[in-house]
J.: 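Mind having a look at this structure? Questions to follow.
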Amino acid sequence: MIKKVLKKLFAASLVVMGAAQSTFASDSDFQSPMYENHEIDLSFGFETSGYDTKVYKEMDATAEPIYTIQKGDNLRVTNIIRIVATDKTFIKVSVNSAVDGFMTMCNPYASGNFVHKETINVFGQPVEVLTLDKSMNVHLSTELKSLPSDKDKTVYKVTDKDCLKFHKLHGITSDYGWVNITINGHTGWVPTKCVYADKGGPSLFTPEETIVWALIGHREI
């Protein structure tokens with residue numbers, strides 16, 4: 001049941017569209033050292049309930065909310081903003097393309113994952129790699145590539161014994177398509193769909209998954 005619900009939440013209702021183009025308030029407002037600002041473009045709906053989720057005009061959860069999320073509302077998130085002085089995190093949102101404001105949120109970057117690590121060259125194209133420090137399982141017969149591309153050579157093929165162990169992840173491409181991993185002494189790249197964690201909730205907990213999980217995911221299981 002849990003896996004079915006999560007599949008629905010993180011496949012059907014979750015839409016990740018790439019770098020955000022803000023529809024209200026300039027992103028330059030958050031470029032000072034006062035803030036840690038990450039731009040995203042994430043859309044999803046509150047299909048079963050609004051869970052009494054509050055929207056605020058400013059990044060101040062002690063103020064009166066300007067809106068309470070209702071069942072059926074659609075949310076678009078364009079920024080994740082941490083206020084450095086207070087270590088409080090908010091997401092910048094638009095509800096039904098009509099109500100613009102902020103919601104409180106846990107910091108999806110607190111672990112140090114999913115921030116810029118390096119840019120590598122993949123067949124003449126620059127590919128951004130983000131930090132990802134965790135261990136996961138990998139599916140049988142997965143082919144380990146030397147670069148994050150199906151066109152690249154295979155350096156290792158996952159065996160039965162490999163499937164019984166956790167393997168160290170070192171990074172992930174910014175499109176979340178490939179992870180850098182060490183398997184049985186071999187380090188390379190495998191498609192993200194080939195790694196998993198046998199637990200409830202999202203496997204990777206990307207910033208987008210973290211937001212959906214915090215607002216609706218953990219309430220639906």
Side-chain angles (χ1 to χ4, degrees), residues 3-4 6-22 27 37-44 76-80 108-213 217:
K3 290 185 178 181
K4 287 183 179 179
L6 291 175
K7 184 177 181 181
K8 177 182 178 183
L9 288 173
F10 298 106
S13 64
L14 176 61
V15 178
V16 181
M17 296 184 283
Q21 299 296 320
S22 178
D27 288 336
N37 175 45
H38 300 269
E39 298 180 16
I40 66 171
D41 200 338
L42 166 68
S43 296
F44 61 95
R76 182 185 179 201
V77 184
T78 59
N79 295 74
I80 303 169
Y109 300 96
S111 66
N113 288 331
F114 300 102
V115 296
H116 178 81
K117 179 181 180 181
E118 61 181 338
T119 300
I120 61 175
N121 186 298
V122 180
F123 297 111
Q125 298 297 319
V127 173
E128 183 184 17
V129 178
L130 308 179
T131 55
L132 184 59
D133 181 12
K134 65 187 310 179
S135 296
M136 299 184 72
N137 298 106
V138 63
H139 291 298
L140 178 65
S141 299
T142 297
E143 294 184 349
L144 188 70
K145 304 286 187 176
S146 60
L147 289 172
S149 171
D150 288 322
K151 298 186 296 183
D152 200 39
K153 64 181 180 181
T154 298
V155 296
Y156 186 74
K157 193 169 183 178
V158 174
T159 67
D160 290 341
K161 290 183 179 180
D162 295 327
C163 295
L164 302 176
K165 304 175 183 178
F166 285 96
H167 304 280
K168 181 73 171 178
L169 273 61
H170 314 287
I172 186 170
T173 55
S174 59
D175 64 358
Y176 303 153
W178 293 79
V179 292
N180 189 239
I181 188 172
T182 297
I183 304 172
N184 195 22
H186 303 271
T187 299
W189 296 87
V190 300
T192 302
K193 65 184 179 181
C194 294
V195 297
Y196 65 98
D198 190 13
K199 60 179 180 60
S203 290
L204 291 176
F205 269 104
T206 64
E208 292 86 355
E209 287 175 334
T210 298
I211 291 170
V212 177
W213 180 252

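In what follows, every heavy atom counts, from backbone to side chain, and hydrogens, waters and symmetry copies are set aside. Since this is a predicted model, take the numbers as computed values, not measurements.
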J.: Measuring from atom CG of D150 to atom CH2 of W178, what distance do you get when rounded to the nearest 0.5 angstrom?
T.: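 Rounded to the nearest 0.5 Å, the CG-CH2 separation comes out at 4.0 Å.
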J.: What salt bridge (charged side-chain N to carboxylate O under 4.0 Å, His left out) pairs are there with at least one residue in residues 154-179, not counting sequence neighbours?
T.: D133-K168
J.: Please confirm whether the backbone N or O of K145 pairs with a side-chain atom of T154, one donor and one acceptor, at under 3.5 Å?
T.: no
J.: What's the spacing between S43 OG and E208 CD if we round to 0.5 Å?
T.: 11.0 Å
J.: Sub-3.5 Å donor-acceptor pair from the side chain of T131 to the main-chain atoms of K117, do we have one?
T.: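 Such a contact is absent between T131 side chain and K117 backbone.
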J.: What's the shortest heavy-atom distance between I120 and E118, and which atoms?
T.: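 Scanning both residues completely, I find the closest heavy atoms to be CG2-CD, 3.9 Å.
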J.: How long is the gap from OH on Y109 to CG on L130, to the nearest 0.5 Å?
T.: 8.5 Å
J.: For side chain to side chain contact (heavy atoms under 4.5 Å, CB included), just list the numbers for F166 and N137, CA-CA rounded to whole Å, side-chain angles, deciding distance to a tenth of an Å, and then say yes or no.
T.: CA-CA 5 Å; F166 285 96; N137 298 106; 3.4 Å; yes
J.: Is T187 reaching over with its side chain to a backbone N or O of T182, donor-acceptor style, under 3.5 angstrom?
T.: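 No.
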J.: Does a side-chain heavy-atom distance below 4.5 Å link I211 with I40?
T.: yes
J.: Quick check: do K153 and L147 have side-chain heavy atoms less than 4.5 Å from each other?
T.: no
J.: Distance from L140 atom CG to T159 atom OG1, nearest 0.5 Å?
T.: 7.5 Å
J.: Specify the closest pair of heavy atoms between H116 and T119, including all atoms of both residues, with the distance to one decimal.
T.: CE1-OG1, 3.4 Å
J.: Is there side-chain contact between L204 and M136, with heavy atoms separated by less than 4.5 Å?
T.: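 SC-SC contact between L204 and M136 confirmed.
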J.: Do you know which two heavy atoms are closest between F114 and P207, and how far apart they sit?
T.: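 Result for this residue pair: CG-CD, 3.6 Å.
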J.: Closer than 3.5 angstrom, by distance alone: can the side chain of N180 be matched with the main-chain N or O of G188 as a donor-acceptor pair?
T.: yes
J.: Any heavy-atom pair between the side chains of P148 and V129 that's under 4.5 Å?
T.: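 Side chain of V129 against side chain of P148, heavy atoms only: no contact under 4.5 Å found.
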J.: Grab the two heavy atoms, one from V190 and one from E143, that are nearest each other, plus how far apart they are.
T.: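 That would be CG1-O, 3.8 Å.
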J.: Quick one: are F205 and N113 in side-chain contact, heavy atoms under 4.5 Å?
T.: no
J.: Answer whether the closest heavy-atom distance between the side chains of F123 and S149 falls below 4.5 Å.
T.: yes
J.: For the side chain of T192 and the backbone of Y176, is there at least one donor-acceptor N/O pair under 3.5 Å apart?
T.: yes
J.: Got D152 and W189 here, is their nearest side-chain heavy-atom distance under 4.5 Å?
T.: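 No. Closest side-chain heavy atoms not under 4.5 Å.
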